[in-house]
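Data first, discussion second: the structure below is written as structure tokens.
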Amino acid sequence: MRIARFYQKTLFGVFALMGLILVSTSVIYVHTVDRQLTDYFLNSSRAIARAIANSDSDLIVNQNYPALQSVIDQYIETPGISYVFVVDGEGTIVAHTFVPGVPDEIVADSKSGKDTYDRTLAGMGSYSEVTAGIIGGQAGRVHVGMDKGYFALQVQTAIGKVVYLLAIIFVVSVLVTYGLMYQVSRPLHLLGNYAWHSLSDEKHSPPAPNQLKPLLDRVDEVGELGRLIRKASGGGA
């Protein structure tokens, strides 16, 4: 299907605009989803840390560490949660879910009282870690680590579905736009053939009668030009 030359720039502009809209929408969506899902997972981790800190403070105060261990082991099955550990008021790790043991990076700063950590553990990966104080932090802190790779995967999955849909919409829009442009430019090709046949000394194939009559019957500019060409050529093709 051939598009009239003066429509080709318009068609290119439409495609460029649709591509810009697709890219802009994707970038905004990626940023929004990444922020919202990351916040969601971090807030979920904080909620787990607070739940352990608020409900099991007696176990820590009374040094009932086996019972505390059984409590934190339940949370390790939560999707995205990579590890949980508890430090007492002295900064000593009294319960954890690491196998076979606590990484040296965590042991080294277990006494720090920060609320959040960005950790990279050798041989394990990268993690976002949040904490909650036990009895206002006086009896220790609960630490919950989430695998950054996990919520990066969730973000990519959510983004992939929408970008895939937008890509389909873009392709369909391109095809529909091209088809509409063809429908608009096709009468111009017929009109050009009619003009060449009617006004030129060169031999040129005229439009078929079933194509010419609808062309001359049109009430738009194409029809007006067709009737003008017929009149200028002496009233016939």
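Counting begins at 1 with the first residue of the sequence.
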For [Y], does its backbone N or O pair with a side-chain atom of [X] as donor and acceptor, under 3.5 Å?
{"X": "T92", "Y": "D88", "value": "no"}
{"X": "S126", "Y": "T120", "value": "no"}
{"X": "S24", "Y": "I21", "value": "no"}
{"X": "T97", "Y": "V84", "value": "yes"}

Passes side chain to side chain contact (heavy atoms under 4.5 Å, CB included), R119 versus I106? Steps please. CA-CA 9 Å; R119 296 192 187 275; I106 289 180; 3.9 Å; yes

Closest non-hydrogen atom pair, [X] against [Y]:
{"X": "R46", "Y": "T116", "value": "NH2-CG2, 3.7 Å"}
{"X": "Y150", "Y": "G80", "value": "CD2-CA, 3.3 Å"}
{"X": "P103", "Y": "M124", "value": "CG-SD, 3.9 Å"}

Quick check: is [Y] connected to [X] through a chain of hydrophobic side chains (ILVMFWY, heavy atoms under 4.5 Å apart)?
{"X": "V94", "Y": "Y75", "value": "yes"}
{"X": "L42", "Y": "L153", "value": "no"}
{"X": "V102", "Y": "V86", "value": "no"}
{"X": "I52", "Y": "Y83", "value": "no"}
{"X": "Y40", "Y": "Y127", "value": "no"}

So how far is it from [X] [atom1] to [Y] [atom2], rounded to the nearest 0.5 Å?
{"X": "E129", "Y": "S45", "atom1": "CD", "atom2": "OG", "answer": "10.0 Å"}
{"X": "Y65", "Y": "I93", "atom1": "OH", "atom2": "CD1", "answer": "12.0 Å"}
{"X": "L166", "Y": "T25", "atom1": "CG", "atom2": "OG1", "answer": "6.0 Å"}
{"X": "I76", "Y": "I81", "atom1": "CD1", "atom2": "CD1", "answer": "7.5 Å"}
{"X": "F41", "Y": "K148", "atom1": "CZ", "atom2": "NZ", "answer": "14.5 Å"}
{"X": "Q74", "Y": "I48", "atom1": "CD", "atom2": "CD1", "answer": "11.5 Å"}

Please say whether more than 12 non-hydrogen atoms of neighbouring residues, nucleotides or ligands are located less than 6.0 Å from CG in D104.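 Count not over threshold, so no.
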
Is there a side chain to side chain contact (heavy atoms under 4.5 Å, CB included) between V130 and N43 once you walk through the steps? CA-CA 9 Å; V130 297; N43 289 335; over 6 Å; no

Do the rings of F98 and F85 sit parallel, tilted or perpendicular, given the 30° and 60° boundaries?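 Aromatic pair F98/F85 classed tilted.
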
Is the Y117 to H143 ring centre distance short of 6.0 Å?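 Under 6.0 Å, so yes.
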
Show the numbers, then the answer: is there a side chain to side chain contact (heavy atoms under 4.5 Å, CB included) between V176 and V172? CA-CA 6 Å; V176 171; V172 172; 4.1 Å; yes

